[in-house]
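What follows is one structure encoded as structure tokens, with my remarks underneath.
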Amino acid sequence: MGLKLYNSLTRRKEEFKPLKEGRVGIYVCGPTVYGHPHLGHAKSYVSFDVLVRYLCYLGYSVTYVQNITDVGHLTDDADEGEDKLIVAARKERKHPMALAEYYTRSYFEDMDRLNCVRPDISPRASGHIVEQIELVKTLLEKGYAYEVNGSVYFDVSKFDDYGKLSRRNVDEMLAGARVEVSPEKRKPVDFALWKKAEPNHIMQWPSPWGAGFPGWHLECSVMSMKYLGKTIDIHGGGLENQFPHHECEIAQSEAANGVQFVRFWIHHNMTTIDGQKMGKSLDNFITLKQAFSGAHERLTRSYDPLAVRQLILNSHYRSPLDFSDAALFAAQSGYQKITETVKAVRKRMPAAGKGQTDKEVVEQLKKMREKFETAMNDDLNTSVALSVLFELVRLTQKLLEDSNTTMGTLNLADVLFDRLGGDVLGIVKDEYPQTGETDEEMLDEVLDKFNIFVEIRSLARENKDFELSDAIRGYLSTSAVMIEDRPDGSFLEDLDGFLKRYKDLKKRGRKEDAEKYKNIIINKFAKWYGK
RNA sequence: GGCGGCGUAGCCAAGAGGCCUAAGGCGACGGUUUGCAAAACCGUUAUUCGCCGGUUCGAAUCCGGCCGCCGCCUCCA
């Protein structure tokens, strides 16, 4: 059985077959870069990242295109709003392109941390103005568009299929239109292809209709066509963009090319925070940087980027996902369980016996892989796929308990972690840094201060002074630091996460907060040490 | 008002007519291990799937009604 995907166009799960044998072209609506990416972006791009990863796992050669919207996205769809970037740029007193560049970098940085594989092509809308003008010309020539006073609109009445994706009836929409309609439009549903720019508009380009800028929907049609061809296998995006954005893309592309635009439309569902819709107006969105550093009032701690990723994969991409501190916390625990198991098996492998591989284990692992693939083939059921990874965790722990387990057997488990947990789900890393390993002197200094206590405690334990050793551990735990006693010594197990917070703050340029944090740590210990 | 979705254990979340006397994770509790913890391991934690009817030999899964929640139709990933 091959991969089945839910196609929004037909509202059914369909067997996925690419247009060209063995090759897949996928286009995903990327971010408008006017702010730091938030948890909603994470759900979106992790979902499509897993799709791309799984297609690769199945052996397809994938071309993944994801645009960067750095111009032309108006603040409302009545075509009367301002460009989002210009609004944001004015607020920050920067050139819109400087702002776009800054947030584009921020976006890639956060996506890297979420272990999203970078798209093969990340085209910028501003870099494709020429092509966009060409498409508008084509639409005018073919009679699908009309020019009014320096702006060009798409004439929806000329395109019979308008509404086929969102199943909207154009006439009903006319009756229920709540948006203030631009008087230039012939019909309220018509949408802008090119907008005339006022002289003081910062981002504008010359065109046959005068100076202006492209309509928002145009870029996706143009860039997908340029890099993937007139008909693409998969187009992904958020459910909220199904209408009007994707509907308009279809109209533009199919009117211009006369062929089907997209074969599979894949839409992921939305994100809420504590059960509430996440929105600018509600001022409740959590950026990824805040989630990774814990610097948000709704969060009780910092979360590992891959724990955030795991939470996203815990539910289906077409289900809505509610981010709450409790849910993140649970994901963090589960993520650590997987991570610790992978680390343990890798640590153990070189020392394990050379004997034969356990046939029964081989059989179990094979079944797990089958279950995993069956789940993923069923419209990317990552929830079940993740459960298979936990089955693998349980099996591996059992193997580790048995001192007779051979290197070969452990290796097979590790391979499965790599392929399923790493290649496909992206929550298992190739390598994990040693606890406490840092690249900053300051961190080493702080680390040393903690380790003094570990040493003192070790001495106390040697003397069987458990009252003192417990007091030290108890004290450290109030500073969010845990001492863990293992057969091979005592370690500051949670220090890693604790220091990450300091590191994050520093990295993000929040020097004051980082400094405050650092001083609290050091002062606490100086005080204790002075007693 | 129009269109669509959801309601499964304390929490998150799969399952979409019989393999379900319902995966997996988190949490909680009991046990093994440990000076005590932590981690790990073992076990327990929904006779029941919002409520009420119906279809069926059989329903969490299909149909109808009701209640509750949410999304889109206006910018959002």
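By convention in this document, chain letters (A, B, ...) are assigned in the order of the sequence lines, proteins followed by strands, and residues within each chain are numbered from 1.
Under a cut-off of 6.0 angstrom, the local environment of CZ in A:Phe390 is crowded, with over 12 non-hydrogen atoms contributed by other residues, nucleotides or ligands. Other residues, nucleotides and ligands contribute only 12 or fewer heavy atoms inside 6.0 Å of the CZ atom of A:Arg12.
With no hydrogens or angles considered, no side-chain donor-acceptor pair links A:Ser47 and A:His268 at under 3.5 Å. With no hydrogens or angles considered, a side-chain donor-acceptor pair links A:Tyr27 and A:Asn67 at under 3.5 Å.
Heavy-atom nearest nucleotides on RNA chain B were determined for A:Ala327 and for A:Gly334, and the one closer to the 5' end corresponds to A:Ala327. Between A:Ala330 and A:Gly237, the one whose closest nucleotide on RNA chain B sits nearer the 5' end is A:Ala330.
Side-chain N/O atoms of A:Asn381 include one lying less than 4.0 angstrom from OP1 or OP2 on B:G15. OP1 or OP2 of B:A40 has not a single side-chain nitrogen or oxygen of A:Lys398 nearer than 4.0 Å. Contact annotation: A:Ser333 side-chain N/O to B:G27 OP1/OP2 distance is under 4.0 Å.
Using a 4.0 Å heavy-atom distance criterion, A:His316 is classed as a sugar-phosphate-only contact. Nucleic acid contact for A:Ser383: base, since at least one base atom lies under 4.0 Å from a heavy atom of the residue. As judged by a 4.0 angstrom heavy-atom cut-off over every strand, A:Ser319 is placed among residues touching the sugar-phosphate backbone only. A:Thr32 comes within contact range of the sugar-phosphate backbone alone, with a heavy-atom separation under 4.0 Å but no base atom that close. A:Gly238 comes within 4.0 angstrom of sugar-phosphate atoms only, judged by non-hydrogen atoms across all strands, and of no base. In this structure, A:Lys464 reaches neither bases nor backbone, as no heavy-atom distance under 4.0 Å exists between it and the strands shown. In this structure, A:Asn241 reaches the sugar-phosphate backbone alone: every heavy-atom distance under 4.0 Å involves primed, P, OP1 or OP2 atoms, never a base. Contacts of A:Phe390 with the nucleic acid, taken as non-hydrogen atoms under 4.0 Å apart, involve only primed sugar atoms and P, OP1 or OP2.
A stacking contact between A:Tyr45 and B:A77 is absent: the pair does not combine a ring-centre distance of less than 5.5 Å to the base's six-membered ring with planes differing by less than 30°.
Nucleotide B:G4 forms a pair with B:C70, judged by Watson-Crick or G-U wobble geometry with both contacts under 3.5 Å. With a 3.5 Å ceiling on both atom-pair distances, B:U61 lacks any Watson-Crick or G-U wobble partner. For B:A13, there is no paired nucleotide, since no Watson-Crick or G-U wobble pair has both relevant distances below 3.5 Å. Of the nucleotides present, none pairs with B:U21 by Watson-Crick or G-U wobble criteria with both distances under 3.5 Å. Pairing for B:C36 is absent, with no Watson-Crick or G-U wobble pair whose two atom distances lie under 3.5 Å. Taking a pair to require two hydrogen-bonding distances under 3.5 Å in either a Watson-Crick or a G-U wobble arrangement, B:U44 pairs with B:A28.
Relative to the side chain of A:Ser44, the nucleotides B:G35, B:A77, B:G25 differ in distance, and B:A77 lies closest. Considering only side-chain atoms of A:Val384, the nucleotide from B:C41, B:A23, B:C72 that sits closest is B:A23. Across B:A77, B:C12, B:C41, the shortest atom-to-atom separation from the side chain of A:Lys84 is found for B:A77. Side-chain proximity of A:His268 to the nucleotides B:G24, B:A40, B:A77 is greatest for B:A77. Closest approach to the A:His41 side chain among B:C42, B:A77, B:A23 is made by B:A77 (side chain taken as heavy atoms from C-beta onward). Comparing B:A77, B:G71, B:G27 by their nearest atom to the side chain of A:Lys277 picks out B:G71. Minimum atom distance to the side chain of A:Arg168 is reached by B:C73, of the listed B:G15, B:C73, B:A77. Among B:C72, B:C41, B:G27, the nucleotide with an atom closest to any side-chain atom of A:Glu240 is B:C72. Listed nucleotides: B:A40, B:G71, B:G35. Nearest to the side chain of A:Phe466: B:G35. Between B:C73, B:C41, B:A77, one nucleotide has an atom nearer to the side chain of A:Met278 than all others, and that is B:A77.
If you check distances only, the side chain of A:Arg318 never reaches the base of B:G5 with a donor-acceptor pair under 3.5 Å. Residue-to-nucleotide contacts include a donor-acceptor pair under 3.5 Å from the side chain of A:Asp470 to the base of B:G35.
Here the separation of B:C70 from B:G58, taken at their P atoms, is 37 Å to the nearest Å.
Between A:His235 atom NE2 and B:A77 atom P the separation is 13 Å, expressed in whole Å.
Evaluated for a side chain to side chain donor-acceptor pair (under 3.5 Å) with A:Glu391, the options A:Gln364, A:Lys371, A:Lys367 yield exactly one hit, A:Lys371.
Below 30°, between 30° and 60°, or above 60°: for A:Trp265 and A:His246 the angle between ring planes is between 30° and 60°, a tilted geometry.
A:Glu247 contributes a side-chain N or O that, together with a main-chain N or O of A:Lys164, makes up a donor-acceptor pair within less than 3.5 Å.
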